[in-house]
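Computed over heavy atoms, backbone and side chain alike; hydrogens, waters and symmetry mates excluded.
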Amino acid sequence: MSFVPPGSGWPEDPAGPGTPVAHTPEDVRELAASSGTLAEVTARESVCRACPRLVEWREEVARVKRRAFADETYWGRPVAGWGDEKPRVLIVGLAPAAHGGNRTGRIFTGDRSGDWLFASLYRTGFAAQPTSTHAGDGQRLLGARVVAAVRCAPPANKPSVEERAACFPWLARELRLVADPVRVVVCLGGYAWQAVWPALREAGYELPRGRPPFGHGAEAEIAYGGAPVHLLGCYHPSQQNTFTGRVTEAMLDAVFTRAGELSA
Ligand code: SF4
């Protein structure tokens, strides 16, 4: 473990000087478990270096950049959960995009999946604006929070089994720290559906024995502190899914409208 030196140079950096930096999966477990607040876990995960392959990739992408963003300074670090600190609806994705969240520092911000997601969240009353382009754009989530199961952009959008396991404690800790008001968890894609079950169990949710199969519109009822919580499956608004029509605006809106009904 090491500590952040003074001055990252990034405005609104959640990690100040002295924030401990995880270098191994053991460090992640220890730092996630000892994070007492959302601000603390956000700061700590935002400087994590526990997965060498992902650290190298996220920083290389930030150095080389895409031509369209050549004049921008990329975030190039883990992308923390973002949104309402007392959410009724939690939205779980897989990982940040190399030139989206890894560039802007905010999850689903500045990429095509995010364009679809935020437009739907706006239409269904969970976002203040229809677009999410950069961290200072004034966008706000209303009663919702978005988190990624893996905090760093992976090559080909595919984190390894070890990398998923290494990042698990950050997810579980964040789920725990926001759990009280959460009534709906929306999983974007089959991987998020799989990843969130053990994280919910670790965070103290009561789950049925078997995990129902993932599907668009799939629902499962779980509980937290005796209160019902609904898990909703939603196809990921990836370019592949939206280009091919596997996911449409109406399909996304139907899931988030349902999330609104169940969390009202
Ligand atoms: S994927 Fe998670 S555990 Fe691995 S370096 Fe990024 S934040 Fe740390």
| Distance under 6.0 Å and angle within 45° of ring axis: Arg58 vs Tyr74 | no
| query | Between Glu85 and Leu177, does a side chain to side chain contact (heavy atoms under 4.5 Å, CB included) hold up when you go through it step by step? | reply | CA-CA 9 Å; Glu85 295 187 359; Leu177 289 168; over 6 Å; no
| Can you check whether Leu232 reaches Val185 side chain to side chain, under 4.5 Å on heavy atoms? | no
| field | Distance-only side-chain donor-acceptor flag, Thr109 / Ser132, under 3.5 Å | value | yes
| message | Rounded to the nearest 0.5 Å, what separates atom OG in Ser238 from atom CG in Leu94? | response | 10.5 Å
| Atom pair CD (Glu59) and SG (Cys152), whose distance is rounded to the nearest 0.5 Å | 9.0 Å
| task | Please collect all ring-ring contact (aromatic ring centres under 6.0 Å, His included) contacts where either partner lies in residues 133-176, sequence neighbours excluded, each pair once. | result | none
| task | Is it possible for you to say whether Leu142 and Val184 belong to one hydrophobic cluster, with membership spreading through side-chain heavy-atom contacts below 4.5 Å? | result | no
| Under a 4.0 Å N-O cut-off, is there an ion pair linking Lys65 with Glu72? | no
| said: Restricting to non-hydrogen atoms, name the atom on Val28 and the atom on Ala50 that form the minimum distance, rounded to 0.1 Å. | reply: CG2-CB, 3.5 Å
| request: Work out which heavy atom in Pro87 is nearest to a heavy atom in Leu90; give both atom names and the distance. | output: CG-CD1, 4.3 Å
| query | Are His236 and Phe108 close enough that their ring centers fall under 6.0 Å? | reply | yes
| query | Is it true that a side-chain atom of Asn241 and a backbone atom of Pro237 form a donor plus acceptor pair closer than 3.5 Å? | reply | no
| said: Using a 3.5 Å distance criterion without hydrogens, assess whether the side chain of Ser35 forms a donor-acceptor pair with backbone atoms of Leu31. | reply: yes
| said: Under 4.5 Å between side-chain heavy atoms, counting indirect links through other Ile/Leu/Val/Met/Phe/Trp/Tyr residues: same cluster for Tyr122 and Ile91 or not? | reply: no
| Min side-chain heavy-atom separation Leu175-Val196 under 4.5 Å | yes
| query | Atom CH2 in Trp197, atom CD1 in Ile222: separation rounded to 0.5 Å? | reply | 6.5 Å
| query | Are any of the side-chain nitrogens in Asp13 or Arg77 under 4.0 Å away from the carboxylate oxygens of its partner? | reply | yes
| message | Taking side-chain hydrogen bond (donor to acceptor under 3.5 Å, both in side chains) as the cut-off, I'd like each qualifying pair that reaches into residues 139-163, sequence neighbours left out, listed once. | response | Glu45-Arg151, Arg53-Glu163, Arg145-Glu174, Arg151-Glu174, Ser160-Glu162, Ser160-Glu163
| Looking only at heavy atoms, which two atoms of Gly81 and Val147 are closest? And how far apart? | CA-CG1, 3.8 Å
Counting only pairs under 3.5 Å, give me each side-chain donor-acceptor contact of residues 254-261, with atom names and distances, residues two or more places apart or in other chains.
residue, atom, partner, partner atom, Å
Thr257, OG1, Asp253, O, 2.7
Arg258, NE, Glu219, OE2, 2.7
Arg258, NH2, Glu219, OE1, 3.2

| message | Counting only heavy atoms not in Glu206 (residues, nucleotides, ligands), do more than 12 fall under 6.0 Å from its CD? | response | yes
| message | Rounded to the nearest 0.5 Å, what separates atom CG in Leu38 from atom NZ in Lys86? | response | 9.5 Å
| message | Run the side chain to side chain contact (heavy atoms under 4.5 Å, CB included) test on Asp180 and Tyr224 for me, step by step, so that the C-alpha distance in whole Å, both residues' side-chain angles and the decisive distance to 0.1 Å come before the verdict. | response | CA-CA 8 Å; Asp180 285 333; Tyr224 184 80; 3.4 Å; yes
| query | Going hydrophobic residue to hydrophobic residue with side-chain gaps under 4.5 angstrom, can you get from Leu117 over to Tyr191? | reply | no
| request: Could you go through the side chain to side chain contact (heavy atoms under 4.5 Å, CB included) check for Gln194 and Arg211 one step at a time? | output: CA-CA 8 Å; Gln194 273 177 38; Arg211 187 179 71 223; 3.5 Å; yes
| Would you say Arg183 has more than 12 foreign heavy atoms packed within less than 6.0 Å of its CZ? | yes
| request: State, yes or no, whether a side-chain contact exists between Val92 and Val146 at a heavy-atom distance under 4.5 Å. | output: no
| Ion pair check, Asp27 and Arg49, cut-off under 4.0 Å | no
| Residue Phe214 excluded, over 12 heavy atoms near CZ under 6.0 Å | yes
| Do Val41 and Thr37 have side-chain heavy atoms sitting under 4.5 Å apart? | no
| Is it true that a side-chain atom of Ser46 and a backbone atom of Ala43 form a donor plus acceptor pair closer than 3.5 Å? | yes
| Can you tell me if Thr248 uses its side chain to pair, donor with acceptor, with the backbone of Gly245 under 3.5 Å? | no
| query | So with a 6.0 Å cut-off around CD of Gln129, is the heavy-atom count from everything else above 12? | reply | yes
| Short N-O contact, Arg44 and Glu40, less than 4.0 angstrom | yes
| said: If you compare all heavy atoms of Trp193 against all heavy atoms of Ala218, which two are closest, and at what distance to 0.1 Å? | reply: CH2-CB, 4.1 Å
| request: Look up atom CG in Leu252 and atom CH2 in Trp116, then write down how far apart they are to the nearest 0.5 Å. | output: 7.0 Å
| request: Verify, without hydrogens or angle tests, whether Arg164 (side chain) and Pro159 (backbone) share a donor-acceptor contact under 3.5 angstrom. | output: yes
| Heavy-atom closest pair, residues Arg29 and Pro169 | CG-CG, 3.7 Å
| Any chance CD of Glu26 has more than 12 other-residue heavy atoms, nucleotides or ligands included, within less than 6.0 Å? | yes
| query | Side chains of His216 and Cys234: closer than 4.5 Å at any heavy-atom pair? | reply | yes
| said: Between Thr131 and Asp115, is there a side-chain heavy-atom distance shorter than 4.5 Å? | reply: no
| Side chains of Thr133 and Thr104: closer than 4.5 Å at any heavy-atom pair? | no
| note | In this structure, CD1 of Ile107 is separated from CH2 of Trp82 (nearest 0.5 Å) by 11.0 Å
| If two hydrophobic side chains count as joined below 4.5 Å and joins carry through other members, does Val79 share a cluster with Phe118? | yes
| message | Starting from Trp75, can I reach Val55 by hopping between I/L/V/M/F/W/Y residues whose side chains sit under 4.5 Å apart? | response | no
| field | Any Leu54 side-chain heavy atom under 4.5 Å of Val150 side chain | value | yes
| Exercise: identify the closest heavy-atom pair between Gly76 and Ala62 | CA-CB, 3.8 Å
